[in-house]
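Below is one structure; the comments refer to it alone.
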Amino acid sequence: MPRLPTSLLREAYTIDRLLPALLGPCRDLRAARNELRWLREHVNTIAAARPARGGTLAKDALLRDLVRQRASGKPLQYILGTEYFGELEIMCRPGVLIPRQDTAASISHLVCSIRNAQSLPSELRVLDLCTGTGCIPLLFHHEFYSARDDIDLRILGVDVSDTSLNLAAHNLKRMRKDKSWAEKGAIGFMKADVLLNPFADQKGGRLPLKRAFETNKQLQSWDILISNPPYISPSAYWKTTTRSVRGFEPKLALVPPPHSTTADTERGDTFYQPLLHIARDVEAKIVLLEIADLEQALRVARMARELRIFDGIEIWRDQPEQTPDTTPSSTQGGFSILGQGNARSVLCWRGAVASWLGKPTPGISLDDDAHRLLKSHGNFTSSFHTNGLSI
Amino acid sequence: MLATPWVCRNCLLRAAKPAVRRGVRLQSTVATSESIPPALLARARTIAAEHQQLTEKLANGFDTRAAKKAGEYSRIVLALREWHKASESVAELTSLMHDPTTDPELRELASDDLGAIRTQLLNASQSLVTSLVPVHPFAHLPCLVEIRPGAGGSEAAIFAGDLLRMYQAFCNRNGFRSTLLKYENVNGTQEGGIPLSEAILEIDHESAYGFFRGEAGVHRVQRVPVTETKGRTHTSAASVHVLPSLQANSVAESDYDDPDSDYYVDPKEVRLEVMRASGAGGQHVNKTESAVRLTHMPTNTVVSMQDSRSQPKNKEKAWALLRSRIAQLRREKREEEMVAMRRSVVGVAKMGRGDKVRTYNYNQQRVTDHRSGATVHDLDDVMEGGQTLNKIMESVRSWLMEKDVEALIAEEGEAKR
């Protein structure tokens, strides 16, 4: 990382004494000034709340302390305790991945494209795997019900970490207190391990997803599957992630767990094969998976194509709703790429739901659809074993 | 001695000049030909084709803007259809008459019909031309008539008062609601009966601007003023400004979806840029980057917002700011247009007796409009705002229409080249 020029530090100092410290993690003056302003606002709200509890607060000392924490690289979101995800303010705590704006953009775009569809079923089921703070189910619910309210939305968030599940439940409780929150449908959270082979022996108290559905008396089939799984390969973890991410966010949510045989890139892709198989098992009609970059997007899209159950596969960039103006090509490897920015997610759909998304409906009958699902099961077990994923 | 008798020099000079000069008007040419300039015809045809497309589009789904446009075009399409019908029958009848094999009786009948059809064609072509002329953008608005005395001292001020009374009477007779917004006499008070220094009359009637537009300009009076002691005829002038009254049209600020509103911004014309943390993005980066930049491309207005940590909130604020900035721009532009119009109507230098649009000659009991060339002789009825004034205003309107048609033809010719 290049050294900050002294002139910049001096300029920052003349604006505010606390700014130079923030320049470290922020790298540029504009971002540093924004962060200092938000920190100051945060301190002011705390100070305003404190006398009500019969205490006083040294504002300057608190601000200095927060700036010192931020300068050490601690994410601003952990310091302030919240992060905006779309229109929602989601609580963040150390040990749980901070929601990313790019994820929100993909989710919003998905909800916007399906929520006005005429042919939606009266009950729409959404499964979110690796939910973390529970931000995706909450945003889905919020965006969907802000447009229509005639559909019963059932959303289930699944995570392997207890810290995450506690925070997700807390976030849900907090959202419900908000006046603008539509008290409709249902959101639930459940603990399960997505990577566990349902046919292997259980160890360590973790349940594979299928078993968890049974024990929690949850539904077995879902219309939409969304996931933002850990997708960073070990080498990219050391190369491309920022210090603040490495030092403060849980590695569990960023890098797939190690296992004996796989190489570096394959380890980054660990989650996608099981996720796609789950998508088939729960008969998901729309699958939205977040990915790291275009290479991974193409790998995942190919993986999905090999399953032969999807009628369409698309790659979305950071801002899928924007029409690309400088992007070099809009199709690559046979997959169309939408939007602007870095490649961010892969969308797959099958059957008649193409009309929800406003795509041409493939002429496939229900029987054929069921048949290809079954056929795909044939090579499922084998692929699971060859990948050696029986952790 | 000299055989030639003595002839007055004046008479000689007069004989050398062309005999009739004053009576001929070269300026106003009444375009009452049945042929339509090909450029206009082509324009009418393209509009008809467009109208066809619009109707097809409207059959599939309703769209306010398309419906409005189709409504505007339907007048032209109807006129074109009428014209086609008339010109076809004329062609048919002429061919029938020139055909040597036609029965003589039939030929007689055809020649009888031809006269009637010719007038029909004339009317059709005229209505087609008038329908093609774009309506003045402010023609539907109420208007303000401002009257100020020009050259001629207190006589001009007296005449300005006469004009004001004339317009008031005209409004009363024709059922236009008029209110006197401002009245100031030469003493700076609002007392009546004293020569006028400035008056603003608001005519609160739909399409009043289109009606009174032709009145703008310098009105000249030739008479023996009441202030004159030696009985000489004076020539004085008063200026009349006619401006569209836009206040009634100003819309509420919350009217974002109405395309006519100042606050309306077409989302397609706005480029949204979201600042993102540089690098790989996604899980690799956790920096809070919520800044949003909106660019309104037609006006190149840029608004960026980074106050809040929430990107949607920043976007919302940026949109509000952009809307009000563009509304401000539009208001300023409109005001500029108004100023330009005010200048073009009567320039400060053009307030003299020379650049008159109309003359009121009391000695001859005559009113002449110098643009249309119309002359009427019932001055008293004009000053009382009667039918005669209406006639002369009508002539000015048709003159304006001719000018518009000329401009349209010129424009079409330019476009073709």
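In the text below, chain A, chain B and the rest are named by the order of the sequence lines, each starting its count at 1.
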Just by modelled atom types, is the [Y] backbone N or O under 3.5 Å from a matching donor or acceptor in the [X] side chain?
X      : Y      : value
A/R100 : B/Q283 : yes
B/K287 : A/C26  : yes
A/D102 : B/G282 : yes
A/R344 : A/A292 : yes

Non-hydrogen atoms of chain B under 4.5 Å away: do they reach the side chain of [X], the backbone, both or neither?
X      : value
A/T82  : both
A/L97  : side chain
A/A253 : backbone
A/P25  : backbone
A/Y231 : both

Counting heavy-atom pairs closer than 4.5 Å to chain B, which one of [options] comes out on top?
options               : answer
A/L88, A/N228, A/T103 : A/N228
A/E83, A/E87, A/Q77   : A/Q77
A/T241, A/I98, A/I291 : A/T241

Do A/N171 and A/T133 meet the criterion of a side-chain donor-acceptor pair at a distance under 3.5 Å? no
NZ/NE/NH1/NH2 to OD/OE distance under 4.0 Å, B/K57 and B/E50: no
Contact leader toward chain A among B/K313, B/E316, B/Q306, where contacts are heavy-atom pairs under 4.5 Å: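 So the answer, after comparing B/K313, B/E316, B/Q306, is B/Q306.
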Here the gap from B/T288 atom OG1 to A/N34 atom CG, rounded to the nearest 0.5 Å, amounts to 9.5 Å
